[in-house]
Amino acid sequence: MKKVFSLMAAISLPAMAGAETVTVEGHDVYYEVHGEISADQPPILLLHGGAMNITSTFAGMIPTLSEDRAVIGVEQQGHGHTPVHDGEFTLETMRTDTLAVLDELGVEQAHVIGFSMGGMLGLELAVNAPDRVASLTAISASQNGEGMLPDLVQMNRDPTHQPSPEVAALMPSEAEFAQMAAQVAEMNPGGAEAFEQMMAKTSALIASDWGWTDEELAAIPLPVQILLGDNDFVTLDHALHMKDTIPDAWLAVLPHTEHMNIMSRPELPILLQRRIEAAEESSDA
């Protein structure tokens, strides 16, 4: 089974300030809060990758990011602890669920950091709820499905397509998919069945006609950083196009880095913190 998702090994997190759920249109959404939310300092909002969860995506950097401000993590439908339900699974529904968590916590704005599918969701928030986003770092995320490697674009259109050996080597292994499934079975109220349900919904999302026009990206009114590896799922040409389209966007390309290891790169927390610091310096000027 080969899909366009990524995985980090789960790492134990320190005790969190809170792990709760909020009910949104009849379904529960799980979230965590690390640190104390302050009215005068926007927290960080973490958006995990597809088929992942808060811990498997961000555990290695939450202790650093939460040293001087609160960090909020949200798990999307069927991911981690959030149950699968009968409703749709789209960028719009994820935006609604995520904003409901911020509303529950009384958070007006957050510095958004999203990886892969979470980066897509971050762009969705920046386009359609910009007043809630203090800054955005989109990691290994594209403007639309066409921004990925051609083999992956073809796989999303035709699941029987076999990628080249070079592209296949960039993708999650069977063992990594098994670890994803085991994490969902352990965390999710739906148990093992939730993994297959979540994968079906996530695959349908990735294969759908999602994305934003150049005009929508050009209208983003907040600080944005685009991050990817030099051997990522997103092409470098596409990342450059996004950088040139979003006003004053930053672009960082990490050398010798793939989709599957970018979240463990030691320089990543520094790049994330610098985008936040620069955004706040700019807002104070």
Side-chain angles (χ1 to χ4, degrees), residues 2-11 44 46-65 71 73 111-123 135-153 155-156 163-177 179-180 202 206 223-246 249-278:
K2 294 292 186 181
K3 302 287 182 185
V4 186
F5 305 117
S6 55
L7 178 69
M8 260 182 69
I11 305 171
I44 294 171
L46 301 179
L47 304 175
H48 61 74
M52 301 178 72
N53 55 69
I54 298 166
T55 301
S56 63
T57 307
F58 295 108
M61 63 184 70
I62 285 177
T64 298
L65 295 177
V71 171
H111 293 284
V112 178
I113 299 170
F115 169 64
S116 195
M117 184 189 78
M120 293 160 51
L121 176 54
L123 287 165
S135 71
L136 167 65
T137 295
I139 306 168
S140 300
S142 56
Q143 175 181 353
N144 50 45
E146 301 299 314
M148 299 180 187
L149 298 173
D151 256 351
L152 299 183
V153 174
M155 285 182 64
N156 289 334
S164 68
E166 293 79 13
V167 171
L170 300 177
M171 300 175 65
S173 68
E174 295 294 335
E176 288 166 331
F177 270 109
Q179 184 176 1
M180 290 179 184
T202 305
I206 298 298
V224 174
Q225 176 172 224
I226 301 158
L227 269 171
L228 74 159
D230 61 350
N231 199 17
D232 213 316
F233 289 169
V234 178
T235 68
L236 295 178
D237 284 346
H238 183 76
L240 283 167
H241 174 77
M242 293 175 66
K243 185 262 182 189
D244 290 340
T245 304
I246 300 171
W250 293 6
L251 172 63
V253 181
L254 304 186
H256 310 297
T257 302
E258 302 172 0
H259 197 80
M260 294 297 295
N261 66 15
I262 191 169
M263 297 306 292
S264 61
R265 289 298 301 255
E267 63 267 54
L268 191 57
I270 298 171
L271 292 169
L272 300 175
Q273 289 176 318
R274 181 57 189 145
R275 174 67 279 183
I276 292 170
E277 291 168 359

Can you check side-chain contact (heavy atoms from CB on, under 4.5 Å) on Gln273 and Leu65, steps first, answer last?
CA-CA 7 Å; Gln273 289 176 318; Leu65 295 177; 4.0 Å; yes
Take Ile276 and Thr137 through the side-chain contact (heavy atoms from CB on, under 4.5 Å) test and state the conclusion after the steps.
CA-CA 9 Å; Ile276 292 170; Thr137 295; over 6 Å; no
Minimal non-hydrogen separation, Leu152 against Val167, with atom names
CD2-CG1, 3.8 Å
Are any of the side-chain heavy atoms of His48 and Ser56 separated by less than 4.5 Å?
no
Candidate pair Leu254 and Asp232, rule side-chain contact (heavy atoms from CB on, under 4.5 Å), full reasoning
CA-CA 10 Å; Leu254 304 186; Asp232 213 316; over 6 Å; no
Evaluate the side-chain proximity of Asp151 to Glu166: yes if any heavy-atom separation is below 4.5 Å, no if none is.
no
Say you draw a straight line from CE of Met263 to OG of Ser140; how long is it, rounded to the nearest 0.5 Å?
8.0 Å
Output for pair (Leu236 CG, Leu228 CG), nearest 0.5 Å, gives 5.5 Å
Taken to the nearest 0.5 Å, the spacing of His238 NE2 from Ser142 OG works out to 4.5 Å
Over all atoms of both residues, closest heavy-atom pair of Met171 and Glu176:
O-OE1, 4.3 Å
Thr257 side chain vs Pro255 backbone, donor-acceptor pair below 3.5 Å:
yes
Kindly indicate whether the side chain of Ile44, heavy atoms from C-beta on, has any atom under 4.5 Å from the side chain of Leu272.
no
Atom CE of Met260 and atom CG of Leu170: how far apart are they, to the nearest 0.5 Å?
10.0 Å
Under 6.0 Å between ring centres: does that hold for Phe115 and His259?
yes
Please name the pair of heavy atoms, one in Leu251 and one in Ala239, separated by the smallest distance, quoted to 0.1 Å.
CD1-CB, 4.0 Å
Mind listing the closest non-hydrogen atom pair of Leu123 and Ala138 along with its distance?
CG-CB, 4.5 Å
Determine, stepwise, if the pair Met148 / Asn156 fulfils side-chain contact (heavy atoms from CB on, under 4.5 Å).
CA-CA 10 Å; Met148 299 180 187; Asn156 289 334; 3.8 Å; yes
Pick from Val112, Ile113, Leu47, Ile246: which one makes a side-chain contact (heavy atoms from CB on, under 4.5 Å) with Leu136?
Val112
Find the distance between NE2 (His111) and CD (Glu277) and round it off to the nearest 0.5 Å.
10.0 Å
Restricting to non-hydrogen atoms, name the atom on Ala141 and the atom on Val234 that form the minimum distance, rounded to 0.1 Å.
C-CG2, 3.8 Å
Non-hydrogen atoms of Pro269 and Pro266 that approach each other most closely
CD-O, 3.4 Å
Between atom OG of Ser116 and atom CD1 of Ile139, what is the distance when rounded to the nearest 0.5 Å?
10.0 Å
